[in-house]
Amino acid sequence: MAESSGVGAGTAGRVGMIEPSIRNALPYFMSLAIFPLVAIAAVHGGWWIAGPFLFLWIAEGLEAQFGVEERNMDPKKTLERQLFWYKLPVWLWAVLWPVTLVFSLWQILVVGRLSTWEALIMAAALASVAQASFIVGHELIHRRSVWERRIGEFLLASVSYPHYATEHTSIHHALACTPGDAGSAPKGQSFWRYLPQELERNLIEAWCFERDRLARLHLPVWHYTNPFWRYVLETAAWYALVYWMGGAWVVLIFAIACASAIFSMKLINYVQHYGLRRIRLPNGRFERVQAWHSWNASYKLTNWLYYNMQRHPDHHVAASRRYPLLQYHGGDTAPQLPGSYMKMAGLALVPRRWFQEVDPLVDSWRAYDSPATAARPDAFEAIVEILGSAPRLAAWVNRAPELLDNLREKEFTDLDLPDGFGPDQEFERVARRGLARVYWRGRAELVERQGLPDRRAYDARQPVAGRGGDGAVQRCRSFHQRRAVGRRGGFRCQCGAVGRRRRFHRPPCRRRGGGGGLGRSGQQGGGARRRTRRRVRVRRRSRRIL
């Protein structure tokens with residue numbers, strides 16, 4: 001695995017701490033500047049229409065100059081009342097967006113000062129701003145207060161996607177990065193294949209969830225507590241307003257603008273979880289969602305404009321956290337994107353370039369989704385190290401996770417070096433472990449280069465510090481632990497292994513040499529056996545001479 005992901009899940013990286021204050025909250029008011037630009041463009045038309053596009057273009061172009069933000073606000077020491085100045089820009093957005101949308105539609109459709117081409121460009125500008133309404137609506141539907149959740153639903157209804165409130169909070173957060181979540185694209189799936197099934201399953205699964213919830217309460221599906229009543233009425237109200245202002249053709253244009261906003265939101269969803277998967281534990285359940293199940297980006301300006309949307313890993317760790325409390329996760333705990341969400345969303349439109357750029361990053365985090373991790377979740381750190389340093393050994397471990405049990409033995413974690421090898425005991429311990437891992441990594445690659453079958457990985461284990469009898473017994477038992485032990489019939493070796501057929505048994509005691517291992521007599525190896533025979537012949541000759 002890459003160095004950035006070489007350790008398991010841990011705490012978020014902490015370069016510094018941010019104190020809640022008006023000064024630190026001011027950058028989050030920056031995105032509100034888009035509303036006067038839209039209103040001026042709707043009134044005057046002409047070159048003023050370029051204002052909203054220039055604002056978004058300049059903001060994305062300056063993200064590299066502003067750098068990254070790796071500091072966090074302490075969620076345990078920050079009180080709710082200290083976050084008022086951080087809540088205010090979100091509340092203002094929730095008020096200003098519907099007002100600006102209605103005002104712009106009135107200027108375009110009723111007042112009629114703009115020409116046809118100006119009206120179409122203004123529709124594109126409104127669709128661009130509507131993309132951010134998803135972010136604010138997403139922030140509000142996660143809040144505990146009912147009035148904030150209702151406002152979030154109303155914002156989502158303004159872009160014809162209110163059922164996102166049910167699907168996201170009740171389905172996506174529970175099933176993220178599993179095959180049951182349509183919003184988590186597996187590795188190798190392009191955005192164009194992802195989009196249609198995501199749109200279809202979002203609506204169907206949200207409806208099924210509410211239907212099943214009411215059934216558990218012994219209520220009919222059309223009960224007034226079904227939120228789909230609100231979703232339909234809120235969306236219908238927006239379309240009725242547009243129809244009253246401009247007629248059927250304007251309704252079609254409004255639907256296309258909403259579809260473009262939904263399209264851009266699905267692009268971001270695709271980027272957020274692409275290729276990352278949770279492992280299924282031995283009890284049949286999936287592991288808890290962790291920071292390494294979402295892609296992170298730490299660009300400061302983009303997070304100011306879109307309310308820390310790119311700190312998505314921590315949002316899944318603690319979904320109820322308000323956006324200023326979301327924690328930065330470094331490369332050791334969460335996968336990092338090479339660019340902002342907006343840049344990577346544009347790259348996702350070209351599948352070939354997207355796969356070339358992102359698939360290698362996904363592979364560096366595949367230990368979390370490997371068969372070995374599913375079979376031995378407690379050996380996760382060893383699997384990460386093997387995957388990053390010895391790919392051939394990693395392939396063996398994924399096919400036969402029981403190899404991990406052997407890696408815990410002393411001969412795999414320590415070397416028989418003389419005392420005083422290092423300046424202190426801690427240095428010696430680390431050095432011995434490191435040298436042993438390097439030794440076994442090289443030995444595994446040597447076996448692979450020689451073209452030996454994978455099962456010889458079991459037989460390749462030889463003691464590092466010599467070839468004693470204990471080493472020979474260990475090698476035989478490690479090989480037969482999977483192949484022969486427990487079978488009835490066949491033959492029994494002197495080392496204690498049992499096999500049905502002789503070709504499955506290649507213990508060191510049958511080879512030439514073998515040092516001082518157990519031989520046919522059960523006491524010595526081949527080399528010692530030859531020396532014993534030589535000594536017996538010498539004694540017999542001596543007796544004849546005497």
Side-chain angles (χ1 to χ4, degrees), residues 16-42 48 50-75 78-104 125-126 128-143 145 147-148 151-152 154-156 158-159 261 268 297-312 314-315 321-328 340-342:
M17 300 302 296
I18 299 178
E19 296 297 330
S21 64
I22 300 178
R23 179 180 178 182
N24 291 329
L26 282 178
Y28 294 104
F29 286 82
M30 190 186 310
S31 62
L32 299 177
I34 193 71
F35 292 115
L37 295 176
V38 172
I40 293 173
W48 288 103
F53 296 102
L54 286 175
F55 178 84
L56 298 174
W57 178 73
I58 292 174
E60 294 181 12
L62 292 178
E63 64 182 16
Q65 284 68 28
F66 277 81
V68 298
E69 178 62 271
E70 299 179 352
R71 298 179 300 164
N72 295 317
M73 189 181 297
D74 193 342
T78 304
L79 302 177
E80 188 72 16
R81 57 182 174 81
Q82 293 178 288
L83 297 177
F84 172 78
W85 293 106
Y86 295 89
K87 301 176 189 176
L88 187 57
V90 175
W91 294 342
L92 289 176
W93 182 285
V95 173
L96 291 176
W97 164 243
V99 172
T100 304
L101 178 59
V102 173
F103 175 79
S104 300
L126 291 173
S128 301
V129 181
Q131 298 171 8
S133 66
F134 265 107
I135 301 170
V136 178
H138 167 266
E139 173 69 18
L140 292 174
I141 61 176
H142 278 286
R143 302 285 66 86
S145 56
W147 67 272
E148 284 184 294
I151 291 177
F154 185 70
L155 290 178
L156 295 173
S158 68
V159 288
I268 299 299
S298 53
Y299 292 92
K300 185 183 296 185
L301 181 60
T302 315
N303 278 333
W304 283 344
L305 289 173
Y306 301 117
Y307 303 107
N308 284 340
M309 173 186 64
Q310 299 174 127
R311 292 190 171 186
H312 202 64
D314 195 65
H315 171 65
R321 266 182 200 160
R322 291 188 181 270
Y323 76 90
L325 298 178
L326 294 177
Q327 304 293 289
Y328 163 77
S340 66
Y341 273 10
M342 302 306 165

Indicate every side-chain donor-acceptor pair of residues 82-95 with a distance under 3.5 Å to a residue at least two apart or in another chain.
residue: Gln82; atom: OE1; partner: Leu79; partner atom: N; Å: 2.8
residue: Lys87; atom: NZ; partner: Glu80; partner atom: OE2; Å: 2.9
residue: Trp91; atom: NE1; partner: Glu148; partner atom: OE2; Å: 3.0

Minimum heavy-atom distance Val159-Ser133, with the two atoms named
CG1-OG, 3.8 Å

For this output row, return yes or no: ring centroids of Tyr306 and Tyr341 closer than 6.0 angstrom.
no

For Tyr299 and Ser340 the tightest heavy-atom approach is CE1-N, 3.5 Å

Gln310 and Thr302: which non-hydrogen atoms are nearest, and at how many Å?
NE2-CB, 3.4 Å

Would you say Gln131 and Ile268 make side-chain contact, with heavy atoms under 4.5 Å?
no

How long is the span from the CG atom in Leu26 to the CH2 atom in Trp304, to the nearest 0.5 Å?
10.5 Å

Quick one: CD on Glu19 to CG on Asn24, what's the gap to the nearest 0.5 Å?
8.5 Å

Supply the atom-to-atom distance Ser31 OG to Phe55 CZ, rounded to the nearest 0.5 angstrom.
7.0 Å

Kindly indicate, with the supporting measurements, whether the criterion side chain to side chain contact (heavy atoms under 4.5 Å, CB included) is fulfilled by Glu69 and Asn303.
CA-CA 9 Å; Glu69 178 62 271; Asn303 278 333; 5.6 Å; no

Working to the nearest 0.5 Å, report the span between CG of Leu301 and CE of Met30.
5.5 Å

With a 4.5 Å limit on heavy-atom distance, are the side chains of Arg311 and Tyr328 in contact?
yes

Rounded to the nearest 0.5 Å, how far apart are CD of Glu139 and OH of Tyr307?
9.5 Å

Evaluate the ring planes of Trp97 and Phe35, with Trp represented by its six-membered ring, and classify them as parallel (under 30°), tilted (30 to 60°) or perpendicular (over 60°).
tilted

Which label fits His315 and His312: parallel for a plane angle under 30°, tilted from 30 to 60°, or perpendicular past 60°?
tilted

Are the side chain of Ser158 and the backbone N or O of Leu155 linked by a donor-acceptor pair below 3.5 Å?
yes

Can you name the closest pair of heavy atoms from Val38 and Pro52 and give their distance?
CG2-CG, 3.9 Å

Does Gln327 use its side chain to pair, donor to acceptor, with the backbone of Met73 at less than 3.5 Å?
yes

Please report the closest heavy-atom contact between Asn308 and Pro324, naming both atoms and the distance.
ND2-CA, 3.9 Å

What distance separates Asp74 CG from Ile18 CD1, expressed to the nearest 0.5 Å?
11.5 Å

Chi angles and distances behind the side chain to side chain contact (heavy atoms under 4.5 Å, CB included) call for Asp314, Asn72
CA-CA 11 Å; Asp314 195 65; Asn72 295 317; over 6 Å; no

